[in-house]
Protein chains: 2
Amino acid sequence: MAVTIRDVAKAAGVSPATVSRALSGSELVEQGTRELVLRTAAQLGYLPNRAARGLITGRTGNLGLIVPDLANPFFPDVVKGIQARAREADYSVFLSDTDEDPAAELGLVRALAKQVDGIILCSPRMSAEDLRAAVDCAPLVAVNRRGSHVPGVTIDNADGMRQAVAHLAALEHRRVGYVAGPRSSWSNRERLRAVRTAAEAEGVELVQIGNVPPQFEGGVAAADLVVAAKVSAVIAYNDVVALGLLTRLAARGIEVPRDMSVVGIDDIAMSAMFSPALTTVSIPKAQSGRAAVELLLQLLGNPGARNPSRREIPTQLLVRDTTAVARQ
Amino acid sequence: MAVTIRDVAKAAGVSPATVSRALSGSELVEQGTRELVLRTAAQLGYLPNRAARGLITGRTGNLGLIVPDLANPFFPDVVKGIQARAREADYSVFLSDTDEDPAAELGLVRALAKQVDGIILCSPRMSAEDLRAAVDCAPLVAVNRRGSHVPGVTIDNADGMRQAVAHLAALEHRRVGYVAGPRSSWSNRERLRAVRTAAEAEGVELVQIGNVPPQFEGGVAAADLVVAAKVSAVIAYNDVVALGLLTRLAARGIEVPRDMSVVGIDDIAMSAMFSPALTTVSIPKAQSGRAAVELLLQLLGNPGARNPSRREIPTQLLVRDTTAVARQ
DNA sequence: CAAGACTATGAAAACGATTGCATCCTCTCT
DNA sequence: AGAGAGGATGCAATCGTTTTCATAGTCTTG
């Protein structure tokens with residue numbers, strides 16, 4: 001059925017070993033022979049059997065990718081970046097969606113470990129000790145999470161929050177709310193800390209508002225708390241929450257940005273489409289994905305690397321229509 | 001390093017053959033022996049090497065999944081369904097995003113064919129002949145596309161359009177627009193035909209408006225054409241286009257649904273969050289994904305199946321806030 | 001009790017690639 | 001011219017499983 005290396009060898013009048021060497025670009029085969037082999041292989045439509053190769057080399061040519069929820073509009077773009085970069089490097093990627101179940105993450109890592117050369121863990125919700133265990137299963141890179149022995153790609157939350165708070169301060173907001181995401185989320189803890197630091201530096205009073213699920217409904221629910229908190233501006237854990245806020249504020253007759261300024265984080269596609277268009281801290285999502293693959297490839301090339309490598313992605317405040325000068 | 005079947009065999013005092021049989025649930029091994037083997041395997045943390053198994057069985061335990069654009073909010077939900085069902089059947093899925101490049105699709109199918117047991121092609125844009133070629137590469141199921149020899153999952157567009165048109169007709173709309181998607185899209189051709197049939201049946205006049213890219217910008221651009229077409233209601237190729245319409249109509253001061261009714265197709269998450277919330281023909285996206293896997297598994301179990309199997313997914317009109325009685 | 005039928009197990013041959021080692025040839029240097 | 005070096009190639013082992021076939025023991029049955 002399928003054409004094997006032996007068929008090519010026979011057709012080209014050489015041994016399978018020579019075919020293997022010619023195709024893998026080894027330098028130990030004569031120019032003429034190589035060309036002959038390459039031509040024959042192409043002619044026969046030969047494609048190497050990955051399983052067989054993997055068996056002897058111990059590498060699969062696959063990467064594993066675990067995301068908490070693909071329906072969260074943040075992730076598809078990250079996945080696209082990962083996908084694209086992996087393909088360039090001739091790797092295929094296995095996708096797994098945990099449906100927001102942190103307990104499933106470690107199990108998936110374990111299951112995937114045998115089938116892939118490395119794993120990318122997106123926004124892992126798992127505990128620190130589980131993360132440690134995961135790292136021991138396979139070469140692993142985390143996205144949106146820093147761990148003491150885990151290489152990873154993170155967002156420069158500190159600078160993003162600094163930009164957001166500086167923007168609001170420049171608009172004369174003196175009392176600003178932060179609508180927090182899930183307590184268990186590393187990103188949320190990180191953003192909370194960053195926004196506090198930034199507020200202090202700018203001399204702005206900061207009030208934390210709730211811990212809401214990172215969904216539209218979370219924002220809807222938070223809106224009333226925001227109003228009650230007597231702030232003139234609010235920064236949301238992410239864009240989806242911010243859009244929820246916007247919707248409920250409008251329903252209550254509170255006009256944005258006249259009565260309240262709102263800033264999101266992520267810059268998902270919908271944010272620009274909403275009216276009013278959301279001011280947000282933009283994260284280069286595809287770039288984060290590419291960087292994660294880059295890190296992983298580096299790890300695979302040099303598995304003994306002692307210090308886990310890190311990569312921090314810069315953020316950029318996009319000022320759109322939901323922020324304005326504070327009302328006196 | 002890794003624990004192999006031989007290690008388990010040695011530890012359990014049996015032959016590798018027996019271990020293999022015990023683990024694969026073959027009936028030819030004695031109860032006691034099976035338990036011993038299972039216990040030993042678990043104890044040693046044995047996980048079978050997929051590559052080795054694949055080499056001998058010829059099956060990989062992997063499925064390939066090709067989508068045109070993961071950033072299109074329609075697809076993540078479908079992918080989630082596919083993912084979930086595949087995992088239940090103990091399959092892993094390779095994800096590939098073609099970035100809307102139809103020319104890349106066949107190449108990807110070819111490349112993937114050797115690494116997977118079957119392929120799911122989502123909304124393939126490729127030509128009919130390419131699709132024929134693709135089917136010959138590997139067991140294959142198409143989603144959102146019907147081809148003469150291609151098993152696939154499709155949406156019941158006819159009924160969806162019927163519901164939408166009946167709804168508008170009941171609201172006394174007599175002249176309705178259809179904002180068409182890309183001419184090359186099979187779904188678009190299908191929907192156009194269905195909406196025409198439905199309009200005829202309801203005695204409603206139908207005007208086709210443009211062929212726009214299936215994005216927000218497409219809807220924005222179409223809005224002015226819609227107004228010029230003097231229709232009182234419009235059905236859009238999909239929700240994203242409908243949201244673009246809504247945005248531009250609002251900017252022109254045309255109030256929805258008072259001055260114009262708008263119906264989308266897909267029911268993406270954002271549609272419910274928009275204001276006004278979009279009336280739309282809902283497609284069970286995850287269910288489509290699951291059905292595709294189901295079909296593929298069936299195909300794998302019985303590759304000689306002559307008549308390609310089909311599955312049609314029902315749709316459901318969700319009436320929200322963008323449709324109202326036509327103005328006199 | 002003998003003979004056949006069955007059952008549980010093991011030995012060994014695959015699957016298709018890679019790679020260490022051996023071989024053979026050609027070239028160069030003394 | 002002979003010897004040694006080195007480059008190109010082939011042979012065969014190997015990776016970890018599954019599966020066919022053979023074997024040895026147990027059970028049934030006339």
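None of these values were measured; they are calculated from a predicted model. Labels below follow one simple rule: chain letters A, B, ... track the order of the sequence lines, proteins then strands, and each chain is numbered from 1.
Contacts of B:R6 with the nucleic acid, taken as non-hydrogen atoms under 4.0 Å apart, include base atoms. Base engagement by B:S20 is indicated by at least one non-hydrogen atom pair under 4.0 Å involving a base atom. Contact annotation for B:S24: no contact, since no heavy-atom pair falls under 4.0 Å across all strands.
Listed for the A:T57 side chain is a donor-acceptor partner under 3.5 Å among the backbone atoms of A:R53. Judged by distance alone, with hydrogens and angles left aside, the side-chain atoms of A:E312 form no donor-acceptor pair with the main-chain N or O of A:V153 at under 3.5 Å. With hydrogens and angles disregarded, a donor-acceptor distance shorter than 3.5 Å links the side chain of B:D97 to the backbone of B:L70. No donor-acceptor pair under 3.5 Å is formed between the side chain of A:N72 and the backbone N or O of A:F75.
In this structure, CG of A:L23 is placed 13 Å from C1' of C:dG16, rounded to the nearest angstrom. Counting to the nearest Å, the P atom of D:dT14 and the CD1 atom of A:I5 are 19 Å from each other. If you measure from atom CZ of A:R59 to atom C1' of C:dG16, you get 19 Å, rounded to the nearest angstrom. Between the CD atom of B:E35 and the P atom of C:dA8 there is a distance of 14 Å, rounded to whole Å. Spacing between atom NZ of A:K10 and atom P of D:dC11 amounts to 13 Å, rounded to whole angstrom units. Rounded to whole Å, atom P of C:dC15 lies 19 Å from atom CG of A:L47. The nearest whole Å value for the distance from the CZ atom in B:R21 to the C1' atom in C:dT9 is 6 Å. Separating the CZ atom of B:R50 from the P atom of D:dT18 is a distance of 11 Å, rounded to the nearest angstrom.
Comparing B:T57 and B:G13 by the nucleotide of DNA chain C that holds the closest heavy atom to each, the one mapping nearer the 5' end is B:G13. If B:I56 and A:I56 are placed on DNA chain C by their nearest nucleotide, the residue sitting closer to the 5' end is B:I56. Annotation: of the two residues near DNA chain D, B:T18 and B:A51, the 5′-most nearest-nucleotide partner is B:A51.
Set against C:dT9, C:dG16, D:dT17, the side chain of A:L55 has C:dG16 as its closest nucleotide. For B:T4, counting side-chain heavy atoms from C-beta on, the closest listed nucleotide (C:dG10, D:dT17, D:dG10) is D:dT17. Set against D:dT14, D:dT17, D:dC11, the side chain of B:A52 has D:dT17 as its closest nucleotide. Nearest nucleotide to the side chain of A:N49, out of C:dG10, D:dT17, C:dG16: C:dG16.
Rounded to the nearest 0.5 Å, atoms OH (A:Y91) and CD (A:Q83) are 14.5 Å apart.
The phosphate of D:dT9 has OP1 or OP2 within less than 4.0 Å of a side-chain N or O from A:T33.
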